[in-house]
Novice: 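A single structure is presented below for examination.
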There are 2 protein chains.
Amino acid sequence: MAATDTRRQIVEAADRRFYEQGFEATSFADIAADVGLSRGNFYYHFKAKDEILDAVIALRLDNTKAMLEGWEAEAATPRERIGRFVHILIANQTTIMAFGCPVGTLSNELAKLDHVARRDAAELFILFRRWLARQFAELGRTADADELAMHVLMHSQGVATLAAALGEEDFVRREVEAMDAWLDAIAAGTEPASSPD
Amino acid sequence: MAATDTRRQIVEAADRRFYEQGFEATSFADIAADVGLSRGNFYYHFKAKDEILDAVIALRLDNTKAMLEGWEAEAATPRERIGRFVHILIANQTTIMAFGCPVGTLSNELAKLDHVARRDAAELFILFRRWLARQFAELGRTADADELAMHVLMHSQGVATLAAALGEEDFVRREVEAMDAWLDAIAAGTEPASSPD
DNA sequence: GTCTATAGCCTGATAGAC
DNA sequence: GTCTATCAGGCTATAGAC
């Protein structure tokens, strides 16, 4: 098999394992078994476990950028685009209730491990933050676009954590509905400038 | 040293390590070194790592109950008591920005490990949830007390995750202020019954 | 109740044949 | 580019002396 192809398979398997098991709990043997590769050959593609983590984060950044660009192409209004983000919670409800949010949980784990890649993982949040802020700015909220973006991120993270901990589908649905109503108020200009709650 | 005393020291050291490093990444050697004990003697007190986890969760449940009872003794109004909960984010800001929320991050980790203690760890959330719901009920919001409690929990989890990931003190302060304003509106009865956002 | 010694396994990582 | 064989070191856990 071509080296680039094997490498891609390794990164994709690692991506899944890191999300479902966590970075620390995933061994080379796990990933090698997924790809159908011997542990030894692993080091031809990656010299160390940290390098796989870097590659996984890079992959997630690429995938996220592609997803955000897709939303911009598909959805006509900023209101719709932000709605797409919020509705990930429902689209990915099953995996989120099982493993939490991939961005938030990786960030949490790397923080505890005091891992050098902690900052790189935070770039995923920053990507969403900038994109959301741009949408709010297009809605006319230029002054507090970043605050509103952080508020949406905060809301999604909180819902994901509680959904994974308590496993209540109604709660997720209810909070997404509340977020939709709040977004409608923002888009209609009937929400105050400060204290987005 | 008395066995009960050593046992208590082990659980307290494990509690700290599990929070700062994570459960998986903490070894018996780490905890033994903290207490000043040999690895071998460890098994006199705990037969397996999972037993320490059970003891740590039990300790956290006890500490949380004591904290909530303390708030009920100190704060006269339910509005004040809920405020105490929200302001943990500021009181513990340094550790939260370093390691996240102890409840949320443990819950996330055990979910990924598919650990049997996952449900026990969720009891910590349920403890807060019931207590908060009781406070909202005392504020007259009997109909949606549980929804409001979940909303407060969600908000705190989201802020903690983003604070740990991005490390911005202003964000924490701002979100706590927004939460305070929202609580004032709830206490004053000027907030609508549904869609708490 | 605490210790040392050790078993047995899995880990990340390397060397070298093919 | 993939393999097998192997290393050193850490892990959980046990056995037995004191």
Side-chain angles (χ1 to χ4, degrees), chain A residues 1-59 106 109-110 112-118 120-121, chain B residues 1-57 106 109-110 112-118 120-121:
Chain A
M1 196 187 299
T4 51
D5 218 62
T6 306
R7 193 191 147 94
R8 186 181 51 76
Q9 283 187 44
I10 289 173
V11 177
E12 283 173 2
D15 182 26
R16 209 178 316 118
R17 287 275 188 176
F18 289 175
Y19 175 42
E20 296 181 359
Q21 294 186 349
F23 169 69
E24 178 91 3
T26 299
S27 69
F28 278 28
D30 290 332
I31 305 170
D34 288 347
V35 183
L37 220 62
S38 73
R39 271 194 308 284
N41 187 25
F42 219 98
Y43 290 81
Y44 174 80
H45 302 278
F46 291 97
K47 285 175 198 160
K49 197 181 178 185
D50 289 354
E51 284 185 21
I52 308 180
L53 178 59
D54 291 340
V56 166
I57 293 173
L59 174 69
L106 179 65
E109 184 178 3
L110 296 184
K112 283 185 201 290
L113 296 176
D114 203 19
H115 199 284
V116 284
R118 181 182 180 177
D120 296 324
Chain B
M1 196 187 300
T4 51
D5 219 61
T6 305
R7 193 191 147 93
R8 187 181 50 77
Q9 283 187 46
I10 289 174
V11 177
E12 283 173 2
D15 182 26
R16 209 178 315 116
R17 288 276 189 176
F18 289 176
Y19 176 41
E20 296 180 1
Q21 294 187 347
F23 170 69
E24 179 93 3
T26 299
S27 68
F28 278 29
D30 290 332
I31 304 169
D34 289 346
V35 183
L37 218 64
S38 73
R39 273 194 306 284
N41 186 25
F42 218 99
Y43 291 82
Y44 174 78
H45 302 280
F46 291 96
K47 285 174 199 161
K49 199 180 177 185
D50 289 353
E51 284 185 21
I52 307 180
L53 178 60
D54 291 340
V56 165
I57 292 173
L106 179 66
E109 185 178 1
L110 296 184
K112 283 184 201 291
L113 295 175
D114 203 20
H115 198 285
V116 285
R118 180 180 182 179
D120 295 324

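Just so it is clear: chains get the letters A, B, ... in the order the sequence lines come, proteins before strands, and each one is counted from 1.
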Novice: Side chains of residues 31-46 of chain B: which donor-acceptor pairs under 3.5 Å do they make with residues two or more places apart or in other chains?
Specialist:
{"unit_1": "B/Asp34", "atom_1": "OD1", "unit_2": "B/Arg17", "atom_2": "NH2", "d": "2.9"}
{"unit_1": "B/Asp34", "atom_1": "OD2", "unit_2": "B/Arg17", "atom_2": "NE", "d": "2.7"}
{"unit_1": "B/Ser38", "atom_1": "OG", "unit_2": "B/Asn41", "atom_2": "N", "d": "3.3"}

Novice: When the distance from CG of B/Leu37 to C1' of C/dT4 is rounded to whole Å, what number comes out?
Specialist: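 Computing the B/Leu37:CG to C/dT4:C1' distance gives 13 Å.
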Novice: Applying salt bridge (charged side-chain N to carboxylate O under 4.0 Å, His left out), can you list everything that pairs with B/Arg8, at least two apart in sequence or on another chain?
Specialist: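 Salt bridge (charged side-chain N to carboxylate O under 4.0 Å, His left out) check on B/Arg8 returns B/Asp5, B/Glu12.
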Novice: Go along nucleotides 12-18 of chain C 5' to 3' and tag each nucleotide: B for a protein heavy atom under 4.0 Å from its base, S when only backbone or sugar atoms are that close, - otherwise.
Specialist: SBB----
Novice: Mind calculating the distance between CZ (B/Phe46) and C1' (C/dT2) to the nearest angstrom?
Specialist: 16 Å
Novice: Could you give the OH-to-P distance, from B/Tyr44 to D/dT12, as a whole number of Å?
Specialist: 21 Å
Novice: Which residue pairs pass the side chain to side chain donor-acceptor pair (under 3.5 Å) test when at least one of the two sits in residues 21-30 of chain A, sequence neighbours left out?
Specialist: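 Side chain to side chain donor-acceptor pair (under 3.5 Å) check on residues 21-30 of chain A returns A/Gln21-A/Thr26, A/Ser27-A/Asp30.
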Novice: Can you tell me if the side-chain N/O atoms of B/Thr6 get under 4.0 Å from OP1 or OP2 in C/dT2?
Specialist: yes
Novice: Can you tell me if A/Lys49 uses its side chain to pair, donor with acceptor, with the backbone of A/Phe28 under 3.5 Å?
Specialist: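 No: the side chain of A/Lys49 does not pair with the backbone of A/Phe28.
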Novice: For A/Glu20, what residues pass the salt bridge (charged side-chain N to carboxylate O under 4.0 Å, His left out) criterion, not counting sequence neighbours?
Specialist: none
Novice: Output a table of donor-acceptor pairs, distance under 3.5 Å, between side-chain atoms of residues 50-59 of chain A and any protein atom two or more places apart or on a different chain; print 'none' if there are none.
Specialist:
{"unit_1": "A/Asp50", "atom_1": "OD1", "unit_2": "A/His115", "atom_2": "NE2", "d": "2.9"}
{"unit_1": "A/Glu51", "atom_1": "OE1", "unit_2": "A/Lys47", "atom_2": "N", "d": "3.4"}

Novice: Please state how far atom CZ in B/Phe42 lies from atom P in C/dG1, giving the value in whole angstrom units.
Specialist: 16 Å
